[in-house]
Student: 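Structure incoming, see below.
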Amino acid sequence: MRTFPFASTLRRWPLLCLLALAGCNSSRTAPAAPAVVPPTAANTFTNPLLASGPDPWVVQKDGFYYYMHTTGSNLRIWKTARMSDLGTTPSVVAWTPPPTGPASGNLWAPELYFLDGKWYIYYSAGPNGTNLGLQRTWVLENPSPDPTNGTWVDKGRLYNAAADFWAIDGTVLEQNGNRYFIWSGHNGVDAVQRLYISQMANPWTLTGPRVELSHPEFAWENVGPPYVNEGPEIIKHAGKTFLIYSASFCGTDQYALGQLTASATADPMLPASWTKSNQPVFSQNPANRAYATGHNSFFQSKDGQEDWIIYHANSNPAEGCVDKRNPRMQKFTWNADGSPNFGVPVAINQPLAKPSGE
């Protein structure tokens, strides 16, 4: 994806020399500088987009954005033609879990995909109650062209039978003609959250081994306990694949984004294919009232000319890993080496230009 600057102002060209005037030369007056048009209420939005919305996810199809976030008790989809209108967009309940059973409660981090002509939702869930140690990853399927319509069918649990441990925050990577699932899980020995990858045989089945790609190593990844790498998300640019993930406990203000980088043609199942950044690539900004900045996703503007990150944050310190986390979005750019440059979290209530094309 490539970002292009938006320009809407007209340049003033010099008048042509009149042939009747004596001494007219061929030089032209330099054009005046473009006028700076301040944003107005009609073309701006402010963060946060909603009062609450942990683990935001966005996917685009056929001119619409489909948005989801953690609600805990069900799975909801927001459908909008403009992401800046999310705050006034109604949601549709796609799935309500059964009252009992292994996926009856604690529904987290849903992600929506259109794969092989059908829609799929990947989400984390466990038994209803307070025992979160049984969280696993589940899959729903819907053949409708519009995921807010049709019937969602439970395809069961997505897991590796040889390493069936705690597993949340799943995402999909497509590379070299193959499809892979990346998630945050345990190793069966300790409670450290690690990032794992496994190849997919189809949208609801894993095949072959699971491989660890990352675990908390640096001080900024080890604010807790628990010690966490989670919320993996994929973005590709300039021949590279970037795995952006969340590090440290989500209940701390230090929750931040880290980055793994691989060639877009490398085998993602090989840990050696990935290089890990030793510093966070996006983190809290108390001056802008952005704390615990993490668990993001990516989308492009309506006209395809801008790249945007959407993430959750708390508006005040020490608000923890609860429903006070709210979704925010901002445009980002690319560094000279092709890596994403997310900048710093922008201030809440600050007018920002809407995504181009809206």
Student: Give a yes or no answer on whether the side chain of Arg194 reaches the backbone of Gly185 with a donor-acceptor pair at less than 3.5 Å.
Tutor: no
Student: How many angstroms lie between NZ in Lys240 and OG1 in Thr265, if you round to the nearest 0.5 Å?
Tutor: 12.0 Å
Student: For Ser356 and Asp303, does a side-chain donor sit closer than 3.5 Å to a side-chain acceptor?
Tutor: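 Result is yes, a qualifying pair exists.
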Student: Gly343 and Asn341: which non-hydrogen atoms are nearest, and at how many Å?
Tutor: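 Answer, listing the atom of Gly343 first, then Asn341: N-OD1, 3.1 Å.
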Student: Roughly how far apart are Asn316 CG and Asp253 CG, rounded to 0.5 Å?
Tutor: 9.5 Å
Student: Check whether Tyr67 and Leu75 end up in the same hydrophobic cluster, where Ile, Leu, Val, Met, Phe, Trp and Tyr are linked by side-chain heavy atoms less than 4.5 Å apart.
Tutor: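 Tyr67 and Leu75: separate clusters.
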Student: Please check if the side chain of Trp204 supplies one atom and the backbone of Tyr120 the other of a donor-acceptor pair under 3.5 Å.
Tutor: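 No; zero donor-acceptor contacts below 3.5 Å.
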Student: If the test is side chain to side chain contact (heavy atoms under 4.5 Å, CB included), which one of His295, Arg328, Met83 qualifies with Ile310?
Tutor: Met83
Student: Group every Ile, Leu, Val, Met, Phe, Trp and Tyr by side-chain heavy-atom contacts under 4.5 Å, then state whether Phe242 and Ile182 land in the same group.
Tutor: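 Phe242 and Ile182: separate clusters.
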Student: Taking the six-membered ring for Trp, are Trp183 and Tyr122 closer than 6.0 Å centroid to centroid?
Tutor: no
Student: Membership question, hydrophobic clusters at under 4.5 Å side-chain separation (ILVMFWY): are Leu260 and Ile235 in the same one?
Tutor: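 No, Ile235 does not connect to Leu260 through the hydrophobic network.
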Student: Are more than 12 heavy atoms from other residues, nucleotides or ligands located less than 6.0 Å from atom NZ of Lys324?
Tutor: no
Student: Hey, mind stepping through Arg179 and Asp116 against salt bridge (charged side-chain N to carboxylate O under 4.0 Å, His left out) and telling me if it holds?
Tutor: CA-CA 11 Å; Arg179 192 173 287 152; Asp116 304 333; 3.1 Å; yes
Student: For the pair Asn335 (side chain) and Gly338 (backbone), establish whether a donor and an acceptor sit closer than 3.5 Å, ignoring hydrogens and angles.
Tutor: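 The answer is no, because no donor-acceptor pair under 3.5 Å joins these two groups.
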Student: Can you give me the closest heavy-atom contact between Trp220 and Ala247, atom names plus distance?
Tutor: CZ3-CB, 3.7 Å
Student: Got a salt bridge between Glu221 and Lys276, using NZ or NE/NH1/NH2 to carboxylate O under 4.0 Å?
Tutor: yes
Student: Evaluate side chain to side chain contact (heavy atoms under 4.5 Å, CB included) for Arg210 paired with Asn187, printing each intermediate quantity in order.
Tutor: CA-CA 10 Å; Arg210 72 166 191 169; Asn187 62 3; 4.2 Å; yes
Student: Looking only at non-hydrogen atoms, find the nearest pair between Leu50 and Pro327 and report the distance.
Tutor: O-CD, 3.6 Å
Student: With respect to Leu213, which candidate in Ile197, Leu270, Asn229 satisfies the side chain to side chain contact (heavy atoms under 4.5 Å, CB included) definition?
Tutor: Ile197
Student: Side chain to side chain contact (heavy atoms under 4.5 Å, CB included) with Trp78: which of Val92, Val58, Thr89?
Tutor: Thr89
Student: Is the backbone N or O of Gly208 less than 3.5 Å from a side-chain atom of Asn160, with the two atoms forming a donor-acceptor pair by type?
Tutor: yes
Student: Go through the steps for Ser339 and Thr261 under the test side chain to side chain contact (heavy atoms under 4.5 Å, CB included), then give the verdict.
Tutor: CA-CA 8 Å; Ser339 62; Thr261 304; 5.8 Å; no
Student: Using modelled atom types and a 3.5 Å cut-off, is there a donor and acceptor pairing between side-chain atoms of Asn314 and backbone atoms of Gly320?
Tutor: yes
Student: When rounded to the nearest 0.5 angstrom, what is the spacing between CE in Met269 and CG in Asn178?
Tutor: 10.0 Å
Student: Have Glu233 and Asn296 got a donor and an acceptor in their side chains that come within less than 3.5 Å?
Tutor: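 Not at all, the side chains of Glu233 and Asn296 share no donor-acceptor pair under 3.5 Å.
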Student: Is the gap between the ring centers of Phe299 and Tyr65 under 6.0 Å?
Tutor: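 Yes: the rings meet the under 6.0 Å criterion.
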Student: With clusters defined by side-chain heavy atoms of hydrophobic residues (ILVMFWY) lying less than 4.5 Å apart, directly or transitively, does Tyr159 cluster with Trp166?
Tutor: no
Student: Under 3.5 Å, is there a donor-acceptor pair between the side chain of Glu358 and the main chain of Arg82?
Tutor: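 No; judged by distance alone, with no hydrogens or angles, the pair does not exist.
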Student: Let me confirm one number: the CG-OG distance from Leu243 to Ser214, rounded to the nearest 0.5 Å.
Tutor: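 Nearest 0.5 Å value for the CG-OG distance: 8.0 Å.
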Student: Are Arg325 and Glu319 close enough for a salt bridge, meaning some N to O gap below 4.0 Å?
Tutor: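 No, Arg325 and Glu319 are not salt-bridged.
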Student: State the OH-NE2 distance between Tyr291 and His312, to the nearest 0.5 angstrom.
Tutor: 15.0 Å
Student: Counting only N and O atoms by type, is there a donor-acceptor contact under 3.5 Å from the side chain of Thr137 to the main-chain atoms of Gly170?
Tutor: no
Student: Can you tell me how far NE2 of His69 sits from CD1 of Ile77, rounded to the nearest 0.5 angstrom?
Tutor: 12.0 Å
Student: Using the ring centroid of each side chain, check whether His237 and Trp334 are separated by less than 6.0 Å.
Tutor: yes
Student: May I ask you to check whether over 12 heavy atoms, not counting those of Phe249, lie within 6.0 Å of atom CZ?
Tutor: yes
Student: Within a 6.0 Å radius of atom NZ on Lys118, are there more than 12 heavy atoms belonging to other residues, nucleotides or ligands?
Tutor: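 Check fails, neighbour count at 12 or below.
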Student: If you draw the axis of the six-membered ring of Phe114, does the NZ or CZ of Lys61 fall within 45° of it and under 6.0 Å from the ring centre?
Tutor: yes
Student: Is the Lys NZ or Arg CZ of Lys79 less than 6.0 Å from the centre of Tyr66's six-membered ring, within 45° of the axis?
Tutor: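 Output no; distance or angle outside limits.
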Student: Return yes if some donor-acceptor pair links the side-chain N/O of Ser124 with the main-chain N/O of Asp169 below 3.5 Å, else return no.
Tutor: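 Indeed, once roles are kept as given, a pair shorter than 3.5 Å links the two residues.
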Student: Has Glu141 got a side-chain atom pairing as donor or acceptor with Val153's backbone, closer than 3.5 angstrom?
Tutor: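 Checking the backbone N and O of Val153 against the side chain of Glu141, no donor-acceptor pair under 3.5 Å is found.
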Student: Hydrophobic cluster membership, with links at side-chain heavy-atom distances under 4.5 Å among I/L/V/M/F/W/Y: are Trp152 and Leu107 in one?
Tutor: yes
Student: Does the side chain to side chain contact (heavy atoms under 4.5 Å, CB included) test come out yes or no for Phe45 and Met329, once each step is laid out?
Tutor: CA-CA 10 Å; Phe45 73 97; Met329 69 181 190; 3.7 Å; yes
Student: Would you check if there is a donor-acceptor pair between the side chains of Gln330 and Tyr311 at a distance under 3.5 Å?
Tutor: yes
Student: Would Trp57 and Tyr113 count as a ring pair (Phe, Tyr, Trp, His ring centres under 6.0 Å) if you check the C-alpha gap in whole Å, the side-chain angles of each, and the deciding distance to 0.1 Å?
Tutor: CA-CA 10 Å; Trp57 170 260; Tyr113 292 86; 5.1 Å; yes
Student: My understanding is that only one of Gln135, Glu230, Gln193 makes a side-chain hydrogen bond (donor to acceptor under 3.5 Å, both in side chains) with Ser184; could you say which?
Tutor: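 Of Gln135, Glu230, Gln193, side-chain hydrogen bond (donor to acceptor under 3.5 Å, both in side chains) with Ser184 is met by Gln193 alone.
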Student: Parallel, tilted or perpendicular for Phe342 and Phe298, by the 30°/60° rule?
Tutor: parallel
Student: Using a 3.5 Å distance criterion without hydrogens, assess whether the side chain of Lys302 forms a donor-acceptor pair with backbone atoms of Ala81.
Tutor: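 Yes.
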